[in-house]
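Reviewing the structure listed below.
Every number for a ligand or one of its atoms is a count from 1 in the order of the listing.
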Amino acid sequence: MMGASEKIGLDPVYAGPVDETRTAIADILAGKKTGKDVVVRGWIHRTRSKGKLAFLVVRDATGTIQCTLKQGVVPDDQFTAAAAALMESSIALTGEVKEDPRAPGGFEIGAKEVQVVHAAEVFPIKEHQSTELLMDLRHLWVRSQEQRRIQRIKHHMLRAVRDWFHANGFTEVTPSVITTNAAEGGSDVFKFDYFGQEAYLSQTAQMYLEALIFAHEKVYSLTPSFRAEKSRTLRHLTEFNHLEAEMAWMGSEDNMKVQESLITYTAHTVARTCHEELTVLGRDPEDLLAIKAPFERLPYNDAVTFLNDNGFPDFKWGEDFGAPHERKLVEGRTQPVFITNFPKKIKAFYMKEDPDDARVVLCNDCLAPEGYGEIVGASEREVDIDEIVRKLKEEGATLANYEWYLDLRRYGSVRHSGFGLGLERLLLWFTKQEHVRDMTPFPRTTNRAYP
Ligand code: 4AD
Ligand code: MG
């Protein structure tokens, strides 16, 4: 955990108005300050007072610690103000660190001085609140230990994926999320008026990434993607963070190698850096350390046979998998699995036909283990301009909107592949939680755009 005084090895560095005397609670809990006087700043997590004694559990960005206030030791006016301060009041406190096995975390601070920075009003979140209320009060609920841990893991996940791409020669690019193309299906798109022209919030950056491979060969981007899907499931957001990559000269098998390497590296890095957070959330870091490439490749054809033999006799070739099918396909697995070569009819226009079987395309989904479902959608891209035009017409698309995309097949077209990974889906699996909305601080779902 980053203490206030930790140096990050960069020069010049500005870590805020540096208060050298201020101690991060994590450093106290790590036993680095025992017997010493410290200054902590934070928020009152819990409070209890009993006559001449007050106990404040104080939270900063790094942890929580119990602080004991004794009237007489702490000046009277300060004691009175601190003992009366409500939960979530902000405070600054000076005191001596003591090791105490009875205190939560094993340490406590015997306060000498306390300043109430801001006396909070009655905090509207109590224990055991309904999900609805917590969603209405999301701007306050983001302070919860659960949310703090999840967002910290996400932070480390973001660092890991960026490190991986950088180390593997990818260039990070910044495509727009305002577009006139609905690449992933017209019905699920958020439409709006863009100065008199119809425009959409982007569902994918893919087509822009395809343009950028001609300059950089291997690119990736991290942008919000928007889906006006009516699906109210545990896995759907209307806005999610989409990590997408596109690679020139690569086919479908190379594409899967990139995905499994990225996912494995990210799982291992998160397991190593977020041991405490994962463990408290119920995920054994060993589960993530055990993730190992290569992942099994299971062709759609074989997946259908498997489903037919295992509880879904009526599942027909050509149908798309729903959550129950995905759960069955990963049952008993501890590793992700690639489902490859889906029927053309249920996949997007830009996917390349399998030269060995015209009914299917060269694509893969990646299913997470334990029933977390699809985390990646990927494919080799069609490079034949006539084939793309034919499919777009079939879908009734406005060809004029795709002229720029067709240009990519006119000027030095090359074999290429790419994928999109839903960050919140990956995080849901990593953290072993139930609902994808908890993977993002301000979730957008069909029934919510506030706060
Ligand atoms: O499978 P999808 O729709 O693929 C694409 O958009 C491709 N154009 C990506 C590409 O090749 N560049 O979406 C990719 C991933 C899914 O596997 C899932 O993890 C996530 O994006 N995703 C969602 N996550 C949360 N809520 C939703 N409504 C999601 N829709 C897709
Ligand atoms: Mg998909």
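Using a 4.0 Å cut-off between heavy atoms, H242 contacts ligand 1 through its side chain alone, with no backbone atom that close. Residue contacts with ligand 1, taken as heavy atom pairs separated by less than 4.0 Å, do not involve M439 at all. Proximity of H236 to ligand 1, defined as any heavy-atom pair under 4.0 Å, is shared by backbone and side chain alike. Contacts between E229 and ligand 1 below 4.0 angstrom, taking non-hydrogen atoms only, involve the side chain exclusively. With a 4.0 Å heavy-atom cut-off, ligand 1 is reached by the side chain of Y350 but not by its N, CA, C or O. For F240, every heavy-atom contact with ligand 1 shorter than 4.0 Å involves the side chain, none the backbone.
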How far apart are the C-alpha atoms of T238 and F226, what are their side-chain angles, what is the distance that settles it, and do they pass the side chain to side chain contact (heavy atoms under 4.5 Å, CB included) test?
CA-CA 5 Å; T238 54; F226 302 88; over 6 Å; no
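Considering backbone and side-chain N/O of T204, one or more are found under 3.5 Å from N/O of ligand 1. Considering backbone and side-chain N/O of G422, one or more are found under 3.5 Å from N/O of ligand 1. Ligand 1 has no nitrogen or oxygen under 3.5 angstrom from a nitrogen or oxygen of V436. Looking at A378 next to ligand 1, no N or O pair under 3.5 Å apart turns up. Any N or O atom pair closer than 3.5 Å counts here, and R381 shares at least one such pair with ligand 1.
A donor-acceptor pair under 3.5 Å links the side-chain atoms of E244 to the main chain of A205, judged by distance alone. Without hydrogens or angle criteria, T171 side chain to V219 main chain gives no donor-acceptor distance under 3.5 Å.
Ligand-side atoms of ligand 1 in range of V376: 17 (O), range being under 4.0 angstrom from any heavy atom. If you number the atoms of ligand 1 from 1 as listed, the ones under 4.0 Å from a heavy atom of Q206 come out as 7 (C), 8 (N), 10 (C), 11 (O), 12 (N).
Screening D365, D320, D354 against K347 for a salt bridge (Lys or Arg N to Asp or Glu O under 4.0 Å) leaves a single residue, D365. Tested against E88 for a side chain to side chain donor-acceptor pair (under 3.5 Å), the candidates H118, H45, R59 yield a single pass: R59. The side chain to side chain donor-acceptor pair (under 3.5 Å) with H416 is formed by just one residue from the set R381, K352, E210; it is E210.
Summary of contacts: the protein heavy atom closest to atom 12 (N) of ligand 1 is E244 OE2, 2.8 Å. The nearest protein atom to atom 15 (C) of ligand 1, hydrogens excluded, is given as G420 O, 3.5 Å; this is a heavy-atom distance. Nearest to atom 1 (O) of ligand 1 among the protein's heavy atoms is E374 OE2, 3.0 Å.
Using a cutoff of 4.0 Å between basic side-chain nitrogens and carboxylate oxygens, E394 and K391 are not scored as salt-bridged. Look at R235 and E326 and you find a salt bridge, because one of the NZ, NE, NH1 or NH2 atoms lies within 4.0 Å of a carboxylate O, short of that distance.
At least one heavy atom of R235 sits less than 4.0 Å from an atom of ligand 1. The closest approach between R425 and ligand 1 falls below 4.0 Å for a heavy atom of the residue.
Within E374, the N, O or S atom lying nearest to the Mg ion (ligand 2) carries the name OE2.
Checking N255, L423, I375, T238 against atom 19 (O) of ligand 1, the nearest heavy atom belongs to I375. Of the options L367, L237, T445, L428, the smallest heavy-atom separation from atom 28 (N) of ligand 1 is shown by L237. When M207, R227, Q203 are ranked by how near their heavy atoms come to atom 13 (O) of ligand 1, first place goes to R227.
Under 3.5 Å, the side chains of E331 and N310 contain no donor-acceptor pair of N or O atoms. The closest side-chain donor-acceptor pair between S221 and Y208, if any, does not fall under 3.5 angstrom.
At a threshold of 4.5 Å between non-hydrogen side-chain atoms, the residues L298 and F306 do not count as touching.
Aromatic ring centroids of F342 and F321 lie under 6.0 Å apart.
Between F240 and H242, the two ring planes are tilted [angle within 30° to 60°].
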